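Labels below follow one simple rule: chain letters A, B, ... track the order of the sequence lines, proteins then strands, and each chain is numbered from 1. All values below come from the heavy atoms of this structure, side chains included, with hydrogens, waters and symmetry mates left out. Computed from a predicted model, the values in this text were never measured in an experiment.
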There are 2 protein chains.
Amino acid sequence: MLQKRIDDQPTISREMVREAQEILHRHLKRVGLKQTAQRDTILKTFLETRDHLSTDELHRLVQKKDAGIGYTTVYRTLKLLAECGLASEVAFHDGIARYEHQYNRRSHHHMVCTECGSSVEFFSQEVGELEQEIGRKYHYLTTRHTFQIYGICEECRKKSSRPV
Amino acid sequence: MLQKRIDDQPTISREMVREAQEILHRHLKRVGLKQTAQRDTILKTFLETRDHLSTDELHRLVQKKDAGIGYTTVYRTLKLLAECGLASEVAFHDGIARYEHQYNRRSHHHMVCTECGSSVEFFSQEVGELEQEIGRKYHYLTTRHTFQIYGICEECRKKSSRPV
DNA sequence: GCGAAGTTGAATTTCATTTTCAAGATGCAC
DNA sequence: GTGCATCTTGAAAATGAAATTCAACTTCGC
């Protein structure tokens, strides 16, 4: 039988946070920047979610841990995390930049509901293969891709069929 | 032998412009709006390109035909065109909204060079099939998708291998 | 042609993002 | 541990694309 989990921490273990911090610290050193408590707090908070967070949303979460950390620092730290591969920007089409963690995650894609803004993630091996194939064909050195499907989720379809 | 083309008009025939205008006019009538010379000029100018135009770029082109047409009108007309399916928004990741025509075009995708911003279009049947498949799986009514590949084009790779 | 309703475009507002700057940390050299 | 150059921080300001406002103008159904 599996060992019972005794903590309620969401989605990520202490071990993983430590590893991610090491990645960040190595990156900071490499580009001549310094490690700070703020950056660590922001990284930790970021890792503890699985949502697609805007800077503003992450800032709100971070403030629960340390009310002194400003929006600007969260903004800048997200850029840093993106630089060292721990986060990546993901654009739904609503005019707000969002980030998600990339640490230990397979490449995945999103399906977004254009009514309520909710999203589900899905995996598709084929899409990665397509990236390679198309890149070869047009002589691009490909680095990444985005694939989003837009539609209306079951929930919202139910709502609109029995209007208030 | 093919008949020699005697005009220099790019990419689209008078016939197609007329058809597109009819689509727009029908849409305007349906939602209770009016047709104007400005809207027709903007549509025509838009159709005469095959690029991915920002509002600003299209505004510049429109001004060559009628210097009195303002940015705001171009902006609003692009939204109208998107509403009636003649244009669709396409977001490269540079913070600027772009539109491309959708009239008589198969669903297609983009590969964008992150160095110089140039892009190529490609077609892939499989991606459309994936949209259907994933939609069924998660009970979404899918409407559209975006698929972009980012990388570095051959041109830019050459440049960076022999730096100035 | 009349008049209600929509349109136009300059100017303004909005709002997420990005930059600035002065005060405060950090970390390497000693 | 101390000094000091350099980086960081966060409030505030700047930026810039997108969206809205408004008074003058146009369209279109009658």
Side-chain angles (χ1 to χ4, degrees), chain A residues 21-22 24-43 45 52-84 87-99 117, chain B residues 21-22 24-43 45 52-84 87-99 117:
Chain A
Q21 274 178 349
E22 263 174 40
L24 174 60
H25 294 171
R26 258 198 301 278
H27 175 73
L28 291 173
K29 190 151 236 172
R30 189 155 48 78
V31 298
L33 303 180
K34 292 165 182 174
Q35 52 174 285
T36 65
Q38 286 94 325
R39 286 174 177 162
D40 283 350
T41 302
I42 292 164
L43 172 58
T45 310
H52 308 106
L53 290 174
S54 65
T55 307
D56 195 57
E57 286 162 348
L58 182 57
H59 178 225
R60 247 190 285 278
L61 291 178
V62 165
Q63 290 229 312
K64 288 185 190 166
K65 298 196 174 175
D66 181 345
I69 295 180
Y71 178 92
T72 315
T73 303
V74 174
Y75 164 78
R76 283 187 282 224
T77 302
L78 274 172
K79 297 236 140 181
L80 275 176
L81 297 184
E83 268 174 41
C84 63
S88 68
E89 206 174 312
V90 48
F92 298 166
H93 274 164
D94 60 357
I96 296 172
R98 290 162 202 287
Y99 291 83
Chain B
Q21 274 178 351
E22 264 174 39
L24 174 60
H25 294 171
R26 258 199 301 279
H27 175 71
L28 290 174
K29 190 151 236 173
R30 189 155 48 77
V31 298
L33 303 181
K34 291 164 183 175
Q35 51 174 287
T36 65
Q38 286 93 328
R39 284 175 178 163
D40 284 351
T41 302
I42 293 165
L43 172 57
T45 310
H52 309 105
L53 291 174
S54 65
T55 308
D56 194 56
E57 285 162 348
L58 182 56
H59 179 227
R60 247 190 286 277
L61 291 177
V62 165
Q63 290 230 312
K64 288 185 190 166
K65 299 198 173 173
D66 182 345
I69 296 179
Y71 178 92
T72 315
T73 304
V74 174
Y75 165 78
R76 283 186 282 224
T77 303
L78 274 173
K79 296 235 140 182
L80 275 175
L81 297 184
E83 268 174 42
C84 63
S88 69
E89 205 176 313
V90 48
F92 299 167
H93 273 162
D94 60 357
I96 296 172
R98 289 160 202 287
Y99 291 83

Under-3.5 Å N/O pairs linking protein and nucleotides 16-23 of chain C:
unit_1 : atom_1 : unit_2 : atom_2 : d
C/dT17 : OP1    : A/A97  : N      : 2.8
C/dT18 : OP2    : A/Y75  : OH     : 2.5
C/dT18 : OP2    : A/K79  : NZ     : 3.4
C/dT18 : O5'    : A/Y75  : OH     : 2.6

_Heavy atoms of other groups near B/K29 NZ, more than 12 under 6.0 Å_ =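 Not buried by this count: 12 neighbours or fewer within 6.0 Å.
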Angle separating the five-pair end axes of the helix from C/dG1-D/dC30 to C/dC30-D/dG1, nearest 10°, is 40°
Nearest-Å distance for atom pair [atom1]/[atom2], residues [X] and [N]:
X: B/L24; N: C/dG6; atom1: CG; atom2: P; value: 17 Å
X: A/D94; N: D/dA18; atom1: CG; atom2: P; value: 14 Å
X: A/L33; N: C/dA25; atom1: CG; atom2: P; value: 19 Å

Return yes if a side-chain donor-acceptor contact under 3.5 Å exists between A/H25 and A/Q21, otherwise no.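 There is no such pair between these side chains.
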The nucleotide from C/dA4, C/dG27, C/dG9 with an atom nearest the side chain of B/K34 is C/dA4
For the pair [X] (side chain) and [Y] (backbone), establish whether a donor and an acceptor sit closer than 3.5 Å, ignoring hydrogens and angles.
X: B/H52; Y: B/R98; value: no
X: A/Q63; Y: A/R60; value: no
X: A/Q38; Y: A/T73; value: no

Ignoring backbone atoms, test whether [X] places a side-chain nitrogen or oxygen under 4.0 Å from the OP1 or OP2 oxygen of [N].
X: B/Q38; N: D/dT26; result: no
X: A/T73; N: D/dG10; result: yes
X: B/Q35; N: D/dT26; result: no

If I compare all heavy atoms of A/L58 with all of A/T45, which pair ends up nearest, and what's the gap?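 A/L58 and A/T45 have their closest heavy atoms at CD1-CG2, 4.0 Å.
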Closest heavy-atom pair, B/Y99 versus B/L78, reported as atoms and distance to 0.1 Å, is CD1-CD1, 3.6 Å
